[in-house]
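Comments concern the structure below.
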Amino acid sequence: QLQFECYPADADNTEAIRWGCSPALCQVRAVRNGVVMICGERPGEGVLSVFAEGVSASLRVKVRPVITAIRLSAGQIQLRIGQDAGLSYQFAPADAMLPDIAVTVADPSVVQYQNGRVMPRRVGETDIIFQCPQNGVHAVCRVTVTPSNGERGGLSKAIKTLLGGI
C-alpha cells in the first residue's frame with residue numbers, strides 16, 4: 001500500500017493520472033481514498049512512477065516473492081491433559097514478503113494455540129491450521145489430546161468423585 005494525495009485537493013481531472021513501473025515488476029490495481037493498491041508481478045527492484053499533465057513523481061520499490069510454502073516444527077502432536085508443547089512455523093522462500101499468517105484451531109474446545117504454544121483443554125483431536133490469506137498456502141498440524149496419567153477420561157474422574165475418591 002502507498003498513500004497518495006492530489007494537489008490541489010479539489011482537482012477534477014484525476015482520470016488523467018497514469019501509473020507505471022520500470023522494469024514491469026508491479027502494477028497499480030486501484031486507488032481508493034488516497035490509498036494505492038499495488039500488486040507485485042514478479043520479484044525485483046524498480047521504480048514506480050505516477051504521471052499527470054506533464055507532472056511526475058517516482059519512488060523506488062522492491063517487490064518480494066510471495067510465500068510458496070509453510071513449514072511447521074511438527075506435523076502431529078500428542079499431548080496429555082496438563083502438558084503443553086511448542087509449535088512454530090517458517091515460510092519459504094525466506095525472503096518472501098512478511099505475511100500475516102492466520103492461525104486457526106479447528107476445534108478450540110480441544111486445544112488453544114497462543115504465542116507458539118499448544119495447550120490442551122480436553123481429550124480429543126483437532127487440527128491447527130496455518131494459512132497465508134494472500135494466496136491460500138497452508139500447513140496443518142494434527143493434535144491428539146489424551147487423559148493425564150492415571151485417568152481414563154472425564155467419566156472416570158466423575159465416578160471417582162461419586163465414590164468418594166476411591
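Nothing here was measured: the structure is a model prediction, and the numbers come from that model.
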Rounded to the nearest 0.5 angstrom, the CZ-OH distance for R71 and Y89 is 14.0 Å

I67 vs I101 side-chain heavy atoms within contact, under 4.5 Å: yes

Subject >> Cluster link M119 to V145, ILVMFWY, side chain under 4.5 Å >> reply: no

Scanning both residues in full, the closest heavy-atom pair of G82 with P120 reads N-CG, 4.0 Å

Here the gap from Q76 atom CD to L72 atom CG, rounded to the nearest 0.5 Å, amounts to 12.0 Å

Does S58 form a side-chain contact (heavy atoms from CB on, under 4.5 Å) with L48? I'd like the steps, not just the answer. CA-CA 6 Å; S58 299; L48 178 66; over 6 Å; no

The salt bridge (charged side-chain N to carboxylate O under 4.0 Å, His left out) partners of R117 (sequence neighbours excluded) come to D84

(request) Decide yes or no for V47 and L59: does some side-chain heavy atom of the first lie under 4.5 Å from some side-chain heavy atom of the second? (result) no

Grouping ILVMFWY residues whenever side-chain heavy atoms fall under 4.5 Å, the cluster of I129 otherwise contains V140

CD (E53) and CD1 (I17) are apart, to the nearest 0.5 Å, by 9.0 Å

key: Minimum side-chain heavy-atom gap T104-I128 below 4.5 Å   = no

In this structure, OH of Y113 is separated from CG of L87 (nearest 0.5 Å) by 5.0 Å

Between C141 and I77, does the side-chain contact (heavy atoms from CB on, under 4.5 Å) criterion hold? Intermediate values first, please.
CA-CA 7 Å; C141 177; I77 295 177; 3.7 Å; yes

Separation between CD (Q83) and OG (S148), nearest 0.5 Å, reads 9.5 Å

Residue pairs passing the salt bridge (charged side-chain N to carboxylate O under 4.0 Å, His left out) test with at least one member in residues 125-137, sequence neighbours excluded, are E125-R142, D127-R142

*asked:* Donor-acceptor pair, distance only, cut-off 3.5 Å: does the side chain of T68 make one with the backbone of A92?
replied: yes

Applying side-chain contact (heavy atoms from CB on, under 4.5 Å) to T146 and not counting sequence neighbours gives R80, T144

Ignoring hydrogens and geometry, is there a side-chain-to-backbone donor-acceptor pair from S73 to S88 under 3.5 Å? yes

- Query: Is any side-chain heavy atom of D95 closer than 4.5 Å to a side-chain heavy atom of P65?
  - Reply: yes

For V123 and P147 the tightest heavy-atom approach is CG2-N, 3.7 Å

*Does a sphere of radius 6.0 Å around CD in Q112 hold more than 12 heavy atoms from other residues, nucleotides or ligands, not counting ones at 6.0 Å or beyond?*
yes

Those residues at least two apart in sequence (or on a different chain) that pass side-chain contact (heavy atoms from CB on, under 4.5 Å) with N135 are V66, C132, V137

By side-chain contact (heavy atoms from CB on, under 4.5 Å), R122 pairs with (sequence neighbours left out) D107, S109, V110

When rounded to the nearest 0.5 Å, the distance separating CZ of F91 from CZ of F130 is 13.5 Å

message: Quick check against the 3.5 Å criterion: does R121 have a side-chain atom that pairs as donor or acceptor with the backbone of P108?
response: yes

